[in-house]
2 protein chains.
Amino acid sequence: MPSQERRQITGFSNPTIKRLRSLREKKHRKREGHFLAEGLRILTEALEAGKTPKLLVVVEGAELHPLARDLEAATFADGGEVIETSEAIIGKLTGKSNPQSIVGIYADHPVALADLDRDRSGIWLVAQALRDPGNLGTILRTGDAVGAGGLILIDDCVDPFSVEAVRASMGAIFTQQIAQASWPEFLAWLRAGEGQLVGASLNTDKDYQSVRYEAPTFLLIGNEAQGLPEAYEQDCDLLVKMPMMGKADSLNAAIASAVMAYEVLNQRRTS
Amino acid sequence: MPSQERRQITGFSNPTIKRLRSLREKKHRKREGHFLAEGLRILTEALEAGKTPKLLVVVEGAELHPLARDLEAATFADGGEVIETSEAIIGKLTGKSNPQSIVGIYADHPVALADLDRDRSGIWLVAQALRDPGNLGTILRTGDAVGAGGLILIDDCVDPFSVEAVRASMGAIFTQQIAQASWPEFLAWLRAGEGQLVGASLNTDKDYQSVRYEAPTFLLIGNEAQGLPEAYEQDCDLLVKMPMMGKADSLNAAIASAVMAYEVLNQRRTS
């Protein structure tokens, strides 16, 4: 039977602390297959989605919030480990100067494209060469809100399991399926079944509200600076544009995907 | 006649460089009434909006992009100064490890509430106690896209002229009017004229698409973690909620304001 007792760690140089800190870097996350999430709200979302931490880190000497006690119990019950340590060390783990006082280490959970169940939802988000972890996390969060099936990452996107992306996802990292693929891999998978591929583009006059979207709809958003490659746009079933009344003629990538996703959701709600 | 020659700076300890670096801090921005913007795209948006830098910083020895030459000419023509320095020093100014190679210093331009012309637009964005500079900048950028008149900041919001907010605004810091006010000041101003105050809230069942918005519409978004104070919600003409199909029941503040703003814009486009 696994231990039900917390382990105390007092030193910055403790090997477990060093290992946890290393999870801030992508190469270590990849090697270990684990990632780091922080904050009671996000960890509680994880628990509600059925994900328990392999390792839970709490502040020593503090009285735990009832939700944190639930997390501790679930971690022990699932055979995980609970560590208590100083707030200063937790601050080192999260890289924040005002750290929240609970951290969980989870198994990452990328899904192979072949294992995605496209009938799970009528809306899927697809991002290409997304660079900003805050944008990626925000897109996951929006995906959760609109009931999307998940997020498919094309080409060289920022790591969805980075601390910043996990934080911006506000827990949606645990509820959205996440797959990664090259463009040819994605297209081959997409065309083997039902699905309308819709690209957000400035290279069209077709208004995003003039179209009836067909389920499952795959909403494709391009890189923050360059937008979609022209060749990818040509592979889309449809290119649409949101109205832009201003000087700049562009939207943040996470904003564009949300405005599009809500249009698809609204059409389904009212039809 | 002012100088038309660039000044060379080679040392990190140069007083001008120190002054520029200090503009990364709010207290120095307030004292000087200046802020820092970076990158050819944002500086060019500024120029198109009629804003020239007081001081332009370019990389020494590099051939300038034609748009950067336009910026230099406009800076000189407006009596400003142009400095050339190393890429390493520009990196110190912007706080980025991979700095873009042009920086401008601009006069900040907060607008007094009394000087806002509410008839300038049918959509205004209002944010309360917004904490994240990326959210604030993104909201400005969205405001530009939907043709909003500007952004009114209530209570203790993050500084719109911070480097991070300016960057996220992608130039909208130069096209959107920005006012700051307490809630009583804002309400007094609002009620002295036309205007529908609409709050995004979880404390209502009224769907955001079930309402006809009246111009000018003031869209109010609350703090990222807490949402709107209950007393502020009671002052609204209307509370609305976006549908949320997921587990988390919340949206990023910048996403929520964009989805609402596009609904208002779409109603106006189709009516």
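Proteins get letters first, then strands, A, B, ... in listed order; numbering begins at 1 in each.
Heavy atoms of B:E48 lying under 4.5 Å from chain A are absent altogether. With a threshold of 4.5 angstrom between heavy atoms, A:A172 does not approach chain B through any atom at all. Only the side chain of B:D207 comes within contact range of chain A, with at least one heavy atom under 4.5 Å from a heavy atom of that chain. Both the backbone and the side chain of B:A258 come within less than 4.5 Å of a heavy atom of chain A. A:S257 does not touch chain B: none of its heavy atoms, backbone or side chain, sits under 4.5 Å away.
The environment of CG in B:D117 is crowded: more than 12 heavy-atom neighbours from other residues, nucleotides or ligands sit within 6.0 Å. More than 12 heavy-atom neighbours from other residues, nucleotides or ligands sit within 6.0 angstrom of NZ on A:K26. More than 12 heavy atoms of other shown residues, nucleotides or ligands fall within 6.0 angstrom of atom CZ in A:R118.
For the pair B:Y262 (side chain) and A:P243 (backbone), a donor-acceptor distance under 3.5 Å is present.
Atoms CD and CG, from B:Q209 and A:N266 in turn, are 3.5 Å apart once rounded to the nearest 0.5 Å. Between the CE atom of A:M245 and the CD1 atom of B:I123 there is a distance of 8.5 Å, given to the nearest 0.5 Å. Rounded to the nearest 0.5 angstrom, B:I139 CD1 and A:N252 CG are separated by 11.0 Å. For the atom pair CG (A:L265) and CE (B:M244), the distance works out to 11.0 Å, reported to the nearest 0.5 Å. The OG1 atom of B:T142 sits 10.5 Å away from the CE atom of A:M242 when rounded to the nearest 0.5 Å.
Contacts with chain A (heavy atom to heavy atom, under 4.5 Å) involve these residues of residues 143-153 of chain B, listed by number: B:D144, B:A145, B:V146, B:G147.
With a 4.5 Å cut-off on side-chain heavy atoms, B:S250 and A:R41 count as touching.
The most heavy-atom pairs under 4.5 Å with chain B, out of A:V259, A:D132, A:L251, come from A:L251.
For A:E224, the side-chain hydrogen bond (donor to acceptor under 3.5 Å, both in side chains) partners are A:N135, not counting sequence neighbours.
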